[in-house]
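What follows is a set of notes on a single structure, which appears directly below.
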Amino acid sequence: PKRDAIESATLETTRLFIHCQKVRRRDVKKRDADGAYLQSKLDKVRRPNQLYAEIPWEMIPEGSPALSMKRPCFPVEASVYGVDDAGYSWDSHSRTNLESEGFHPYYDLSQSWYDHFPDGTDLSVLKPSGGEVSPELYPVDDGQLSQYVDDFLVGEDEGSGVFQKMLGALLFKSRDD
């Protein structure tokens with residue numbers, strides 16, 4: 001589905017997430033994305049005239065033709081903090097990468113909450129267009145993920161590898177301080 005707004009976890013969805021993991025006796029692990037906005041590309045549809053940055057002289061490599069320019073400017077390729085659509089770019093980037101690792105967002109509850117299912121699970125009942133799935137038809141997941149901007153919580157069944165799949169989808173800080 002096409003979205004143009006960021007959807008992050010709320011206090012209520014985070015509490016519900018933690019409770020669901022407790023009921024299923026799952027450990028919950030937390031990670032922060034490393035330089036979240038810098039991981040995503042600028043959205044060229046939203047910014048067709050591109051974005052340029054003036055770089056301090058000290059950062060220009062020796063021998064660069066930019067040294068002969070009065071005020072050298074360079075195109076910015078990554079989304080950066082402060083750009084009006086940086087949050088949207090990060091949200092889109094993280095969603096795409098998580099979905100490529102087999103995470104499925106809850107379209108009807110919160111788009112900040114994802115299920116992960118074991119390989120070979122029949123997912124034909126999951127419809128991104130909406131509509132409620134009868135509880136007895138809903139496939140059994142092997143892990144879940146909750147996202148609040150660049151903070152992630154993961155609950156997983158032992159041995160499922162769901163946490164590692166999340167780590168493979170995006171760049172994360174080596175540990176949280």
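The first residue in the sequence is number 1, and the count goes up from there.
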Looking at [X] and [Y], would you say the former's side chain and the latter's main chain have a donor-acceptor pair under 3.5 Å?
| X | Y | answer |
| --- | --- | --- |
| Gln39 | His93 | no |
| Ser92 | Tyr88 | no |
| Thr10 | Thr13 | yes |

Please work out whether the ring planes of [X] and [Y] are parallel, tilted or perpendicular, with thresholds of 30° and 60°.
| X | Y | result |
| --- | --- | --- |
| Tyr138 | Phe117 | tilted |
| Tyr114 | Phe103 | perpendicular |
| Phe172 | Phe152 | perpendicular |

Quiz item: Transitively linked via ILVMFWY side-chain contacts under 4.5 Å: Tyr148 with Val162?
Solution: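 Yes; tracing contacts between hydrophobic side chains, which count when under 4.5 Å, links both residues.
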
Quiz item: Is there a chain of hydrophobic side chains (I, L, V, M, F, W, Y, each step under 4.5 Å between heavy atoms) that links Leu123 to Leu137?
Solution: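 Leu123 and Leu137: one cluster.
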
Does [X] reach the side chain of [Y], with side-chain heavy atoms less than 4.5 Å apart?
| X | Y | result |
| --- | --- | --- |
| Val154 | Arg26 | no |
| Asp122 | Pro139 | no |
| Trp57 | Leu67 | yes |
| Leu16 | Trp113 | yes |
| Phe17 | Leu153 | yes |
| Lys29 | Glu156 | yes |

Minimum heavy-atom separation for [X] to [Y], with atom names?
| X | Y | value |
| --- | --- | --- |
| Ala33 | Lys173 | O-CE, 3.8 Å |
| Glu101 | Lys165 | CG-O, 3.6 Å |
| Ile55 | Ile60 | O-CD1, 4.3 Å |

Quiz item: Is there any salt bridge (charged side-chain N to carboxylate O under 4.0 Å, His left out) pair reaching into residues 49-75, and which pairs are they, with sequence neighbours excluded?
Solution: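 As it turns out, the salt bridge (charged side-chain N to carboxylate O under 4.0 Å, His left out) pairs with a partner in residues 49-75, which skip direct neighbours, are Glu54-Arg71.
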
Self-check item: Distance-only donor-acceptor check, side chains His116 and Asp141, under 3.5 Å
Solution: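 The answer is no; no qualifying pair exists.
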
